[in-house]
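Worth knowing before you read on, the calculation uses all heavy atoms, side chains too, and leaves out hydrogens, waters and symmetry mates. One-based numbering, in listed order, for ligands and for the atoms of each. All residue numbers in this chain count up from 1 along the given sequence.
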Amino acid sequence: MNKQWWHDAVVYQIYPRSFCDANGDGIGDLAGIIGKLDYLQKLGIDLIWLSPVYKSPMDDNGYDIADYQDIAAEFGTLAEIERLIAEAAKRDIRILMDLVVNHTSDEHPWFLAAKSSPNSPYRDYYIWRKPQADGSPPDDQRSFFGGSAWEFDEASGEYFFHLFSKRQPDLNWENPAVQQEVHQMMNWWLDKGIGGFRMDVIDLIGKQVDDKILTNGPRLHPLLQEMHRASFGPRNVLTVGETWSATPQIARMYSDPAREELSMVFQFEHVTQTWDPEHGKWKPRPFDLVEFKRIIAKWQTELADSGWNSLFWNNHDLPRAVSKYGDPGRFRVESAKMLATALHCLKGTPYIYQGEEIGMTNVRFDSIDDYQDIESLNFYRERTDAGVPHVDMMEGIYANGRDNARTPMQWDDSFNAGFSDGTPWLKLNPNYRQVNAEAALADPDSIFFHYQRLISLRKESEVMVYGDYQQLLEEHPQVFAYQRRLGEQRLLVLNNFSAQPVELDLPTELTGIEGQGLIGNYSLRHRLDERVSLAPYESFVMAFSLTSSPP
Ligand code: NOJ
């Protein structure tokens with residue numbers, strides 16, 4: 001495998017609205033991020049994935065872009081993002097911009113022009129169809145945010161297509177002019193020295209609406225190859241696509257370097273296994289560790305030789321890792337560290353979502369009125385209107401609603417957790433008095449320093465970056481165990497995913513092994529006996545070499 005600079009990199013995702021508010025308007029901003037770069041440098045991360053900061057009416061908090069080459073006033077100015085790129089570079093941190101080109105805002109000048117007249121040259125930048133004979137939408141395609149994916153335009157008597165909100169019209173990627181505009185815009189950002197792009201729902205750009213093909217359309221990979229050639233290909237940057245529809249075979253198509261598409265993609269199989277097959281995220285089902293291990297083993301082995309994995313527990317659309325997969329109560333610290341170890345020792349590029357490094361948790365607001373997320377609010381309305389009881393919908397929102405990840409970052413135990421001097425745009429999680437960055441930095445044994453250690457281990461340990469993956473104890477209902485192997489080098493990673501202590505009988509080839517304990521959330525282990533006891537949520541990593549271990 002050809003080595004790439006991002007193979008041992010760790011990415012930190014910032015949701016700017018919720019990170020740090022420097023001007024007291026209740027909304028996080030670029031100046032706030034610049035003020036926290038030293039904190040991120042201390043953590044040790046290499047890249048920041050910045051969720052959108054472009055000019056936007058904020059119907060979907062910036063995933064609805066009105067100008068790709070300007071910054072939303074509440075976040076700052078172009079001069080400030082240039083300062084962010086430069087200040088980050090001084091600390092060896094690169095910025096990944098969020099590329100949202102499946103759709104724009106309905107306030108983008110392209111859409112305003114498209115809407116103004118069917119004869120506008122911009123009309124064909126979007127997807128328009130005539131109504132059916134009775135006036136109804138061209139088909140019954142639903143939007144991911146609820147309701148029909150078709151919105152009627154009175155003036156022209158046609159419908160336009162939107163897979164997200166009706167204020168996020170989908171771009172028509174079959175139009176070469178759209179492709180060229182996007183490539184030029186990407187080059188404009190690349191010229192500013194950014195480290196690459198995270199590509200929003202990129203698996204949708206090859207859609208063919210008349211054939212009901214949304215994901216993985218026949219033109220998807222050619223479009224990405226063209227994008228690679230016309231923009232980032234020669235620049236040696238990191239590109240990561242959001243691809244809910246990827247299978248390992250498809251992920252190899254995106255990320256096999258020989259195909260010249262993307263560095264890697266986010267796949268979501270481990271996320272959707274906790275959703276009801278019929279009702280989706282609003283009806284969660286319990287996490288199944290054995291199934292999870294099967295999924296991880298599949299991705300680790302199928303992308304072993306060509307392609308590359310991205311590794312993540314959470315992001316701005318998903319619940320907090322420690323609430324979903326760990327114990328946000330009694331074992332919050334232990335389980336947050338265990339989850340970090342379990343993920344960071346896999347093969348791939350790890351992504352940390354802001355606040356994960358201090359073990360921030362999900363939130364339960366009493367009233368639906370305290371929620372801001374367009375997806376949660378739309379579905380709440382749609383489903384309660386259809387008779388789903390309020391309490392059922394609230395349970396779904398508590399478990400999987402996107403505002404769990406979006407409550408303001410908890411910096412300290414002062415007013416508004418140090419996030420803002422004004423009124424935060426979304427309420428805080430009341431646990432900020434205990435769970436905050438200041439407390440984490442004051443405690444050498446905190447979750448923060450556990451992440452710091454994992455990130456630095458990745459820089460030191462070749463087997464952690466390039467070793468192959470071997471699953472152990474496949475059927476064990478509580479323990480996620482694996483080995484990484486590179487030549488004679490081994491990493492053994494054991495994680496108890498439960499609040500119950502576990503006694504393990506290890507495979508005979510592992511008993512009596514001596515090595516170096518690299519990290520642990522209770523203690524370091526340098527030797528393995530025949531029986532290994534794991535405390536609640538205990539995890540540890542041991543490095544050893546086949547040549548130096550006893551026969
Ligand atoms: C995926 C983004 O992560 C999400 O936040 C957004 O709402 C949709 N794409 C639409 O852009």
Would you please indicate yes or no on a ring centroid separation below 6.0 angstrom for [Y] and [X]?
{"X": "Phe266", "Y": "Phe312", "value": "yes"}
{"X": "Phe379", "Y": "Phe144", "value": "no"}
{"X": "His103", "Y": "Tyr126", "value": "no"}

Closest non-hydrogen atom pair between Asp203 and Trp244, with its separation: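 Shortest heavy-atom contact: OD2-N, 3.3 Å.
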Nearest heavy atoms of Ile358 and Val435, plus distance in Å: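 Between these two residues, the closest heavy atoms are O-CG1, 3.5 Å.
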Which atoms of ligand 1 have any heavy atom of [X] under 4.0 Å away?
{"X": "Arg406", "value": "5 (O)"}
{"X": "Arg402", "value": "4 (C), 5 (O), 6 (C), 7 (O)"}
{"X": "Phe145", "value": "7 (O)"}
{"X": "Glu242", "value": "1 (C), 3 (O), 9 (N)"}

Identity and distance of the protein heavy atom lying nearest atom 5 (O) of ligand 1: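 Here the closest protein heavy atom is Asp317 OD1, 2.7 Å.
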Atom 6 (C) of ligand 1: the protein heavy-atom neighbour that sits closest, reported with distance to 0.1 Å: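 Nearest neighbour among protein heavy atoms for atom 6 (C) of ligand 1, to 0.1 Å: Asp60 OD2, 3.3 Å.
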Part of His316 within contact of ligand 1 (heavy atoms, under 4.0 Å):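 For His316, the contact with ligand 1 is made by the side chain alone.
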Ligand 1 contact by His103, heavy-atom criterion under 4.0 angstrom: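 Yes, that is the case, since the closest heavy atom of the residue is under 4.0 Å from the ligand.
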Intermediate values then yes/no, side chain to side chain donor-acceptor pair (under 3.5 Å), Gln410 and Asn431: CA-CA 9 Å; Gln410 295 166 197; Asn431 67 9; 3.2 Å; yes
Expected output: side-chain Asn400 to main-chain Gly396 donor-acceptor under 3.5 Å: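 No, the answer is negative, given that no donor and acceptor are paired below the 3.5 Å cut-off.
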Identity of the nearest option to atom 10 (C) of ligand 1, non-hydrogen atoms only, from Phe266, Trp244, Phe164, Phe144: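 Comparing heavy atoms across Phe266, Trp244, Phe164, Phe144, the nearest one to atom 10 (C) of ligand 1 lies in Phe164.
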Options Ile65, Asp98, Asp200, Ile374, ranked by nearest heavy atom to atom 1 (C) of ligand 1, top entry: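 Among Ile65, Asp98, Asp200, Ile374, the closest heavy atom to atom 1 (C) of ligand 1 belongs to Asp200.
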